[in-house]
Amino acid sequence: MKIKMQTQGYEILEAKTVLLLDEGADFTLEFIEGVIHFKVALFFENDESGKTLIFPLIQENTLKLRCTNFSDLGSGTTVPIEIATIKGKKLYIHFWSYLEGQISGKKRVRKIEYTLLKGGI
């Protein structure tokens, strides 16, 4: 049985939760569709500004999203970010990130929940 998911005119292609190896680990999605091949990479860092920002940078076939000062309790997108157009349809990513593991002296891991969407109104 095939199940289709939608929200407000967008088709939900995938929705997953991923646990990274530690709080500073990066996360990369690789897309291959015929001759189309590109990546979306999320990088997490903190700086002295304290402002929560997502800074996009395109390098070769990779969209790098530098996520700065994401809250331990959760930060992410409030609207989907357009990442590509494939066969005339726009592709978006929507994500939220948390840090897990509050035990003193233990390594913390980053949890990312993401949704890939296609289309839109």
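Heavy-atom basis, side chains included; hydrogens, waters and symmetry copies ignored. This one's a predicted model, so the numbers in the text were calculated from it and none came from an experiment.
The two residues Phe38 and Ile86 make their nearest non-hydrogen contact at CE2-CD1, 3.9 Å.
A distance of 14.0 Å separates OH in Tyr114 from OG in Ser97, rounded to the nearest 0.5 Å. Atom NZ of Lys90 and atom CD of Glu82 lie 4.5 Å apart (nearest 0.5 Å). The distance from atom NZ of Lys118 to atom CD of Glu11, rounded to the nearest 0.5 Å, is 4.5 Å. Separating the OG atom in Ser75 from the CD1 atom in Ile54 is a distance of 8.5 Å, to the nearest 0.5 Å. Once rounded to the nearest 0.5 Å, the distance linking CD1 of Ile81 with CG of Leu117 reads 11.5 Å. Of the inter-residue distances, the one linking Ile58 atom CD1 with Glu60 atom CD reads 12.0 Å to the nearest 0.5 angstrom.
For residues 51-79, the set of pairs meeting the ring-ring contact (aromatic ring centres under 6.0 Å, His included) definition, not counting sequence neighbours, comprises Phe44-Phe70. Annotation: side-chain hydrogen bond (donor to acceptor under 3.5 Å, both in side chains) contacts involving residues 15-27, sequence neighbours excluded, are absent.
Residues forming a salt bridge (Lys or Arg N to Asp or Glu O under 4.0 Å) with Asp72 (at least two apart in sequence, or on another chain): Arg108.
Listed for the Thr52 side chain is a donor-acceptor partner under 3.5 Å among the backbone atoms of Asn69. Looking only at distances, no side-chain donor or acceptor of Thr62 sits under 3.5 Å from a matching main-chain atom of Lys64.
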Glu45 and Arg66: CA distance, side-chain angles, deciding distance, salt bridge (charged side-chain N to carboxylate O under 4.0 Å, His left out) verdict: CA-CA 7 Å; Glu45 65 182 20; Arg66 189 173 72 215; 3.0 Å; yes
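Proximity of Tyr98 to Val109: side-chain heavy atoms (C-beta onward) are nowhere separated by under 4.5 Å. Contact annotation: the side chain of Ile112 approaches that of Leu42 to within less than 4.5 Å [non-hydrogen atoms, C-beta and beyond]. The shortest side-chain heavy-atom distance between Leu29 and Ile93 falls under the 4.5 Å cut-off. Counting heavy atoms from C-beta outward, Lys111 and Val18 have side chains that stay 4.5 Å or more apart. For the pair Ile3 and Met1, the minimum side-chain heavy-atom distance is below 4.5 Å.
If you run side chain to side chain contact (heavy atoms under 4.5 Å, CB included) between Leu65 and each of Phe27, Phe95, Phe43, only Phe95 comes through.
No continuous path of hydrophobic side-chain contacts links Tyr10 to Ile83 [ILVMFWY only; heavy atoms under 4.5 Å]. Both Phe31 and Ile36 belong to a common hydrophobic cluster when Ile, Leu, Val, Met, Phe, Trp and Tyr are linked at side-chain heavy-atom distances under 4.5 angstrom. Residues Val40 and Leu91 share a single hydrophobic cluster, defined by chaining ILVMFWY side chains whose heavy atoms lie under 4.5 Å apart.
The pair Lys87-Glu33 meets the salt-bridge criterion, with a side-chain N (NZ, NE, NH1 or NH2) lying under 4.0 Å from an Asp/Glu carboxylate O.
In this structure, Leu19 places its CG atom where more than 12 heavy-atom neighbours from other residues, nucleotides or ligands lie under 6.0 Å away. Sparse packing is recorded around CG of Leu21, with 12 or fewer heavy atoms of other residues, nucleotides or ligands lying under 6.0 Å away.
Residues His94 and Thr115 have side chains that never bring a donor and an acceptor to within less than 3.5 angstrom of each other.
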